[in-house]
Amino acid sequence: SIVKFKMAPVYTYSLCLILVAAMVNAQPPPPTFRFSNTFSDDMVLQMAPSQATVWGFCNSGASVSVTFNGQTIQATVSEWLGETTWLAKLPATESVSVGNEFKTYVVEAKSNGDSIFLHNVLFGDVWVCSGQSNMAYPLGQEGCWNQSNINCTSPGPQCSFGCVNNSDVENARMATYTNIRIQENGGPLSKVPLPESKNTGWVFPANISHQFSAACQFFARDLYDALEPTRPIGLIGTYVGGTPDQHWSSPDALDKCKNLNTSWEWPSNFTDSVLWNGKVVPYTRMTVKGAIWYQGEANARADGRQYNCSFPAMIEDWRSKWFEGTGGTTDPDFPFGWAQLNSNGKAYIWSENGTEPIVPIDEDPLGVWGAGFASIRYAQSYTTLLKNTFQAVIMDTPVKSGSVHSPFKQPCGSRLARGALSTTYGMTLQSYPTPNGISRKGNSIVINVAGVGSGATLEWRNKLGFEIATANGKLWYTVPIISVASNEITIGPIPPHIVAVRYLWNESPCTDMPYECPLYASVPALGKDTGELDYLPMGPFVYELPLGL
């Protein structure tokens with residue numbers, strides 16, 4: 001006879017466990033009437049003269065009012081991205097200091113007998129920090145920095161990603177900035193615009209500084225210390241490593257670089273916007289002061305003219321969308337700053353008699369827009385022509401390992417803060433030395449320099465970094481610096497009939513250690529914190545001379 005064995009119902013037991021675990025771990029659906037998760041206790045709202053917005057979700061047909069500082073504001077209820085939402089504009093509110101602290105507020109929203117609250121709210125300036133991995137680069141975990149490994153003879157996060165120099169000092173220092181509040185976005189890529197996405201809520205630096213953007217924190221720290229009177233600073237970190245700017249651009253922005261009859265434009269059917277949808281749209285109904293940006297590496301494989309179109313188009317579109325999303329409470333020309341690309345890879349070895357071939361591309365006989373970091377930097381410099389923009393030159397902060405991720409983020413934050421203090425807050429600060437004209441003097445060339453203020457000096461640390469092109473259109477020739485005066489640089493000897501001069505036109509044009517580019521202007525340091533510097537580098541440039549010189 002055949003004996004039949006009955007199998008134990010293991011699958012039934014396992015299924016029961018799964019169902020019980022699902023019930024235990026299941027998250028209840030969010031309440032219908034609530035604030036957007038971009039708002040939470042302990043946050044910073046945008047101060048006067050702007051009106052801060054608060055908004056959230058409700059049932060269709062609901063009536064919502066907001067009580068703030070003794071006033072009641074009727075919210076506007078509307079459909080947005082498939083959700084019924086409410087939005088209220090608060091009265092313009094100054095930042096009020098109370099001793100060493102600032103006055104805090106409660107915001108209450110009411111609907112159909114229900115009340116929801118935001119507690120311990122500060123008013124100050126809210127800045128968005130966005131881009132790719134160099135903006136995401138954090139302060140790092142305790143003990144990660146090893147000064148004896150400054151030459152990266154051993155692998156480690158300071159030589160690849162995730163540990164700023166003097167990280168322990170910086171984490172301890174940031175913990176003292178209790179009036180800086182931080183929200184980090186952890187939302188997804190999305191093919192469609194999302195009304196909100198996952199984030200940390202608003203937290204104090206002590207709770208998040210080790211994992212949050214170092215450049216963003218140093219920027220905020222220097223603003224907070226330099227502004228008089230100072231005010232709370234809110235930071236929104238929304239960034240993803242390895243991402244091109246088309247991920248961060250809306251369809252409207254992408255359309256600006258289509259159908260231009262060029263070799264480098266986007267195809268007419270090109271779509272993207274996956275990070276705009278998932279990690280920017282959720283913030284476009286919150287009033288902000290401005291934005292800083294560190295990105296471009298992921299666009300360096302294409303003709304630089306593509307970025308020269310897409311980057312300013314993205315900036316202008318962000319401004320437009322924030323203005324619309326907040327009902328006009330965010331400045332339609334809000335300040336936007338960025339870090340120009342740092343050095344990457346092995347340092348270029350200059351030779352006093354060295355040459356590099358000219359590689360012409362379509363409608364660019366000198367090849368200045370050829371793919372690479374140099375043309376992205378060129379596009380970034382061009383973008384400063386937009387109103388209320390500023391740029392931090394940081395190509396003098398490489399890491400010995402050659403990684404694209406430098407641990408020297410203090411100058412990045414500080415130089416961005418300089419730009420904001422000048423552009424946004426009206427402070428008079430000495431700026432970068434910049435070329436302001438070229439002339440021939442015998443067999444040498446004199447480059448006039450602007451941006452070297454009264455009492456400042458122009459100094460040179462290396463004599464190589466300039467190149468000239470002659471009318472034969474075949475080679476770039478390295479030409480040394482002969483002398484440097486207060487506002488001019490002389491290079492030579494120069495052959496007749498040159499058609500262009502360029503400076504630091506290379507992916508890693510200085511040395512493989514920080515602060516060793518050829519030319520700097522002395523400036524007063526912004527503060528006394530670690531990493532604050534009393535000099536600014538001259539950035540890369542190219543002067544084309546169609547008539548020759």
Side-chain angles (χ1 to χ4, degrees), residues 304 340 347-360 364-370 372-375 377-378 380-382 384-385 391 393 395-396 430-453 456-511 516-522 535-549:
Q340 191 182 53
Y348 182 75
I349 305 301
W350 294 92
S351 169
E352 192 160 331
N353 298 310
T355 60
E356 287 289 338
I358 292 175
V359 183
D364 176 16
L366 291 175
V368 297
W369 289 113
F373 275 41
S375 66
R377 295 186 189 116
Y378 195 28
Q380 290 171 325
S381 292
Y382 253 109
T384 59
L385 296 173
Q391 174 175 262
V393 177
M395 62 197 305
D396 65 330
Q430 291 175 349
S431 61
Y432 298 90
T434 55
N436 193 36
I438 291 181
S439 60
R440 177 182 279 274
K441 187 176 181 180
N443 69 340
S444 62
I445 285 215
V446 177
I447 301 159
N448 294 318
V449 179
V452 183
T457 57
L458 188 64
E459 61 178 74
W460 53 317
R461 301 180 182 181
N462 293 297
K463 67 178 182 178
L464 300 181
F466 282 95
E467 296 168 283
I468 58 96
T470 62
N472 68 21
K474 294 181 178 180
L475 294 172
W476 290 100
Y477 299 88
T478 299
V479 179
I481 298 171
I482 297 173
S483 64
V484 172
S486 60
N487 62 354
E488 64 181 33
I489 305 156
T490 302
I491 63 173
I494 302 293
H497 309 302
I498 69 165
V499 295
V501 178
R502 69 182 187 181
Y503 175 66
L504 299 185
W505 213 261
N506 191 276
E507 190 149 331
S508 187
C510 300
T511 72
E516 294 183 356
C517 284
L519 293 161
Y520 289 83
S522 64
Y535 46 82
L536 292 173
M538 175 176 272
F541 67 86
V542 60
Y543 251 99
E544 296 190 51
L545 306 163
L547 300 180
L549 193 65

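Quick note: numbers below take in every heavy atom, side chains included, and nothing from hydrogens, waters or symmetry partners.
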Report the distance from atom [atom1] of [X] to atom [atom2] of [Y], rounding to the nearest 0.5 Å.
| X | Y | atom1 | atom2 | answer |
| --- | --- | --- | --- | --- |
| Ile468 | Leu475 | CD1 | CG | 9.5 Å |
| Thr434 | Met538 | OG1 | CE | 6.5 Å |
| Ile447 | Asn487 | CD1 | CG | 12.5 Å |

Practice prompt. Would you please test Asn448 and Glu488 for side chain to side chain contact (heavy atoms under 4.5 Å, CB included) and show each step?
Written response: CA-CA 4 Å; Asn448 294 318; Glu488 64 181 33; 4.0 Å; yes
Discussion item. By the ring-ring contact (aromatic ring centres under 6.0 Å, His included) test, which pairs, at least two apart or in different chains, include something from residues 483-503?
Written reply: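 Residue pairs with at least one partner in residues 483-503: Phe466-Tyr503, Tyr503-Phe541.
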What pair of heavy atoms forms the shortest contact from [X] to [Y], and how long is it?
| X | Y | value |
| --- | --- | --- |
| Leu366 | Ala500 | CD1-CB, 3.5 Å |
| Gln340 | Gln391 | NE2-NE2, 3.6 Å |
| Tyr543 | Pro435 | CE1-CB, 3.6 Å |
| Ser508 | Asn506 | N-OD1, 3.1 Å |
| Met395 | Cys510 | O-SG, 4.4 Å |
| Val368 | Ser375 | O-CB, 3.5 Å |

Item to complete: Give a yes/no verdict on a cation-pi contact between Arg461 and Tyr535, requiring under 6.0 Å between NZ or CZ and the six-membered ring centre and an angle within 45° of the axis.
Response: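 Yes, a cation-pi geometry holds between Arg461 and Tyr535.
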Discussion item. Is there a side chain to side chain contact (heavy atoms under 4.5 Å, CB included) between Ile491 and Ile481? Walk through the geometry before answering.
Written reply: CA-CA 4 Å; Ile491 63 173; Ile481 298 171; 4.2 Å; yes
Discussion item. Among Val446, Leu458, Ile482, exactly one meets side chain to side chain contact (heavy atoms under 4.5 Å, CB included) together with Ile489. Which residue is that?
Written reply: Leu458
Discussion item. For Arg502, run the side chain to side chain donor-acceptor pair (under 3.5 Å) check against Glu467, Glu356, Glu544 and tell me which one passes.
Written reply: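 Looking at Glu467, Glu356, Glu544, the match for Arg502 under the side chain to side chain donor-acceptor pair (under 3.5 Å) is Glu467.
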Practice prompt. Carefully, step by step, assess Ile498 and Ile445 under the rule side chain to side chain contact (heavy atoms under 4.5 Å, CB included).
Written response: CA-CA 10 Å; Ile498 69 165; Ile445 285 215; 3.0 Å; yes
Worksheet entry | Side-chain (Ser522) to main-chain (Thr457) donor-acceptor, under 3.5 angstrom | yes
